[in-house]
Amino acid sequence: MELISVKAALGGAIPSGTKVEVRGWVRTRRDSKAGISFVNVHDGSSQDPVQVVAPSTLPNYQDGVLKLTAGASVIARGTLVQSQGKGQAMEIQADEVQVIGLVDDPDHYPITPKQHSLEFLREQAHLRVRTNTFGAVARVRHHAAQAIHRFFHEEGFFWVNTPIITASDAEGAGQMFRVSTLDLSNLPRTEAGKIDFSKDFFGKEAYLTVSGQLNVEAYCLALSKVYTFGPTFRAENSNTTRHLAEFWMIEPEIAFADLNDDANLAERFLKYVFKATLNERMDDLKFFEERVQKGVIERLEKFVNSPFERLDYGAAIEILKRSGKKFEFAPEWGKDLQTEHERYLTEEHVGRPVVVMNYPEGIKAFYMRMNDDGKTVAAMDVLAPGIGEIIGGSQREERLDLLDARLRKMGLDPAHYGWYRDLRRYGSVPHAGFGLGFERLIVYLCGLQNIRDAIPYPRVPGWAQF
RNA sequence: UCCUCGAUAGCUCAGUCGGUAGAGCGGCGGACUGUUAAUCCGUAGGUCCUUGGUUCGAGCCCAAGUCGAGGAGCCA
């Protein structure tokens, strides 16, 4: 008797006639008066369930097998055989179906074999992973994460675990969650009446990180090729299909590199991860193709096989102006590209991924490197058909005087950036990197509409259940 | 945060002009069949989001609130 996964049972590598055991959860049960029941069992290892054929001669047929409903857990032992029915190659002719856990209230069990709305399933986050859709998302998510680590490892990058808690209020990438052990109902005060954070856990104000970039830059200027991949927090009151309060971000950083190196890295990176997902999870992608978004596989295949177009921001604005398209927001030099602009560029004008480079300094962060024209910075966005911006990155300002000038121009005090400025004083080198929201990548891979379906337990304003 | 839309059975939804609450799926019972989200018959199942108002009478009209969705802003 060999314990096997459902995936292995269906995989064809195990010869017919082998005695096997599978463990999992019931998806459906169909009874035949010929004296058998068909129980579809899934264990998460594959998109498809295995069909367990349970004869009515089993001792627990009446008060066991016939009590099975969607969601019940079982251990089935029997012979793996070629199926007599259509719809599956292999099935398990059961000698024993052990009922492990029944569903208490089958009439209220929320996961039925019909299509549920994704909104409803979000409120059942602990059970939604039992559905085809969320099982598939979970598997794709795992394979994408593995592919990301594998890509960087193979290219000689080191994974750096930057801090989750930060006492620096200088990251400037958005609203932060405060971390404190102070008693909110009895706050210590200074003589001036302000909250006395010197009494707080870290002796000063602390927050959850909004980006590991600044920290990983330091490691870049020693290890040369590094990346972060970890949880990230934004306390913005964003209620959209693209924002989470807690998400996972990937941020590579490369030394002795400029913006072109950065764009090349982004292109290799995305293609590697997409290719790996196509290779490793085609079963789930086919499900998304059928049930979630038509064309998602072709979109990925085209992405993998198309060279990225490079486009200067200024040229992009000109293209948009001359497009003859009616945009809700008129394109104008000095303003950021709207989603409608990005979609036009990548979907209609070029028809494949585009890297837009060298944006006006006024709309980009302080750490981005000033170009020689004095008007633009070495920033880039990778735009993908069907979604728009998927990666944002830049070459970092490695010249101390220019960094200080830019900080001051943006109303920031260079004194607050002591250790970050040190990196420009001690063996500074040109370096570059980019940031990618992992869940946005998952949305794109799976053809989802809402980022809340791309993470197991989404956290958004007003919602932190489970 | 702003704009728009929505909330009716476990789920997905219908509900006409304001007049006693409906279907499909799921559950339960039965029939039938190596079945495939099986099929067929029967059956149970309701705080119509909450509060207030209008009315002889409100799922339906009005007001406020709560929650959800989509879009915008911000962004990854």
Side-chain angles (χ1 to χ4, degrees), chain A residues 27-40 48-56 66-67 69-71 81-88 91 93 103-124 127-128 131-132 172-175 209-213 228-229 231-251 291 328-329 336-340 342 363-365 381-382 387-393 434-444 449-455 460-463 465:
Chain A
R27 191 152 268 153
T28 59
R29 190 196 86 223
R30 292 173 297 277
D31 305 319
S32 165
K33 266 299 173 297
I36 47 179
S37 287
F38 301 96
V39 184
N40 278 3
D48 293 320
V50 68
Q51 175 161 282
V52 172
V53 184
S56 57
L66 289 184
K67 294 280 190 292
T69 56
V81 296
Q82 293 191 331
S83 179
Q84 299 170 35
K86 297 189 182 92
Q88 61 281 317
E91 65 189 16
Q93 201 73 44
V103 172
D104 282 348
D105 49 347
D107 51 332
H108 283 67
Y109 182 69
I111 309 301
T112 60
K114 72 162 285 173
Q115 190 129 26
H116 296 86
S117 69
L118 296 173
E119 295 85 56
F120 168 71
L121 290 171
R122 267 170 227 149
E123 296 172 2
Q124 311 288 336
L127 298 174
R128 68 176 182 171
T131 64
N132 286 325
Q175 291 292 307
T209 183
V210 292
S211 165
Q213 181 200 314
T228 73
F229 187 172
T232 311
F233 307 87
R234 302 277 168 92
E236 263 129 24
N237 191 9
S238 299
N239 295 286
T240 78
T241 56
R242 304 179 303 284
H243 289 87
L244 293 165
E246 174 185 287
F247 62 100
W248 286 62
M249 188 151 65
I250 299 128
E251 296 166 296
R291 300 285 189 89
E328 192 182 338
F329 295 89
D336 214 349
L337 298 179
Q338 299 286 323
T339 300
E340 56 177 344
E342 296 175 342
I363 56 172
K364 290 292 179 183
D381 282 346
V382 179
I387 191 168
E389 179 186 337
I390 190 163
I391 277 183
F434 62 77
L436 166 74
F438 185 48
E439 285 75 21
R440 289 189 178 176
L441 185 78
I442 300 303
V443 163
Y444 195 71
Q449 296 297 317
N450 193 317
I451 200 163
R452 295 164 198 197
D453 300 326
I455 190 167
V460 296
W463 184 262
Q465 298 301 303

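Lettering of chains follows the sequences in order, A, B, ..., and the numbering in each one begins at 1. Computed from heavy atoms alone, side chains included, the values below leave out hydrogens, waters and symmetry copies.
- Here, G52(B) and G46(B) have their P atoms 23 Å apart, quoted to the whole Å.
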Distances under 3.5 Å between nitrogen or oxygen atoms of protein and nucleotides 64-71 of chain B:
{"from": "A69(B)", "atom 1": "OP1", "to": "R122(A)", "atom 2": "NH1", "distance (Å)": "3.1"}
{"from": "A69(B)", "atom 1": "OP1", "to": "R452(A)", "atom 2": "NH1", "distance (Å)": "3.1"}
{"from": "A69(B)", "atom 1": "OP2", "to": "R452(A)", "atom 2": "NH1", "distance (Å)": "3.0"}
{"from": "G70(B)", "atom 1": "OP1", "to": "N450(A)", "atom 2": "ND2", "distance (Å)": "3.0"}
{"from": "G70(B)", "atom 1": "OP2", "to": "N450(A)", "atom 2": "ND2", "distance (Å)": "3.2"}
{"from": "G71(B)", "atom 1": "OP2", "to": "T241(A)", "atom 2": "OG1", "distance (Å)": "3.4"}

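- At a threshold of 4.5 Å between non-hydrogen side-chain atoms, the residues R30(A) and Q51(A) count as touching.
- Residues Q175(A) and N237(A) fail the side-chain proximity criterion, which asks for heavy atoms closer than 4.5 Å.
- No side-chain heavy atom of Q84(A) sits less than 4.5 Å from a side-chain heavy atom of V53(A).
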(request) Give RNA chain B the dot-bracket treatment, 5' to 3': Watson-Crick (N1-N3 with N6-O4 or O6-N4) or G-U (N1-O2, O6-N3) under 3.5 Å, [ ] crossing, | other strand. (result) (((((((..((((.....[..)))).(((((.......))))).....(((((..]....))))))))))))....
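- No side-chain N or O of T241(A) forms a donor-acceptor pair with one of Q449(A) less than 3.5 Å apart.
- Applying the 4.0 Å criterion to OP1 and OP2 of C75(B), one finds that R234(A) has every side-chain N and O outside that range.
- Here the separation of A58(B) from U50(B), taken at their C1' atoms, is 16 Å to the nearest Å.
- Note that CZ of R291(A) and OG1 of T131(A) are 10.5 Å apart. Values are rounded to the nearest 0.5 Å.
- Residues I250(A) and W248(A) are not in side-chain contact: their nearest non-hydrogen atoms beyond the backbone lie 4.5 Å or more apart.
- Here S83(A) lies in heavy-atom contact (under 4.0 Å) with a base.
- H116(A) has its NE2 atom 8 Å from the C1' atom of G10(B), to the nearest Å.
- Across all strands shown, Q338(A) has heavy atoms under 4.0 Å from sugar-phosphate atoms exclusively, and none from any base.
- In this structure the side chain of L118(A) never reaches within 4.5 angstrom of the side chain of N450(A), judged on heavy atoms.
- One C1' atom belongs to C11(B), the other to U66(B), and the distance between them is 22 Å to the nearest Å.
- Once rounded to the nearest 0.5 Å, the distance linking CD1 of I391(A) with CG of D381(A) reads 10.0 Å.
- Side-chain contact between Y444(A) and I390(A) is present, with heavy atoms from C-beta onward closer than 4.5 Å.
- The separation of C48(B) from G42(B), taken at their C1' atoms, amounts to 27 Å, rounded to a whole angstrom.
- Put simply, Q88(A) has no side-chain N or O that comes within less than 4.0 Å of OP1 or OP2 on U35(B).
- Nucleic acid contact class of I250(A) (heavy atoms, under 4.0 Å, all strands): none.
- Comparing H243(A) and K86(A) along RNA chain B, the residue whose closest nucleotide (by nearest heavy atom) sits nearer the 5' end is K86(A).
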Would you list the protein and nucleotides 24-32 of chain B atom pairs, both N or O, that sit under 3.5 Å from each other?
{"from": "G24(B)", "atom 1": "N2", "to": "K114(A)", "atom 2": "NZ", "distance (Å)": "2.8"}

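- Of the P atoms belonging to U8(B) and G59(B), the separation is 15 Å, rounded to the nearest Å.
- Two residues are said to be in side-chain contact when any heavy atoms from C-beta on lie closer than 4.5 Å; D453(A) and R128(A) meet this criterion.
- Rounded to whole Å, the separation between the C1' atoms of U39(B) and C3(B) comes to 48 Å.
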(request) Given side-chain contact (heavy atoms from CB on, under 4.5 Å), test L436(A) with L441(A) step by step and report yes or no. (result) CA-CA 8 Å; L436(A) 166 74; L441(A) 185 78; 4.3 Å; yes
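- Candidate nucleotides G34(B), A72(B), A38(B) were compared by shortest atom distance to the side chain of Q51(A), and G34(B) ranks first.
- G53(B) and U47(B): their P atoms are spaced 22 Å apart (whole Å).
- Within 4.0 Å of G85(A), counting heavy atoms only, lies at least one base atom of the nucleic acid.
- Across all strands shown, Q124(A) has no heavy atoms under 4.0 Å from either base or sugar-phosphate atoms.
- Two residues are said to be in side-chain contact when any heavy atoms from C-beta on lie closer than 4.5 Å; Q88(A) and D48(A) fail this criterion.
- Residue contacts shown for F120(A) are limited to sugar-phosphate atoms, with no base heavy atom under 4.0 Å away.
- For S238(A) against C75(B), no side-chain N or O and base N or O form a donor-acceptor pair under 3.5 Å.
- When rounded to the nearest whole Å, the span between CE of M249(A) and C1' of C75(B) equals 10 Å.
- A distance of 9.0 Å separates CD1 of I387(A) from CZ of R242(A), quoted to the nearest 0.5 Å.
- Per the geometry, CG belonging to N237(A) stands 6 Å off C1' belonging to U1(B), to the nearest Å.
- U36(B) and G19(B) are spaced 47 Å apart, taking the C1' atom of each and rounding to whole Å.
- For the pair I36(A) CD1 and A38(B) P, the interatomic distance rounds to 15 Å; values are reported in whole Å.
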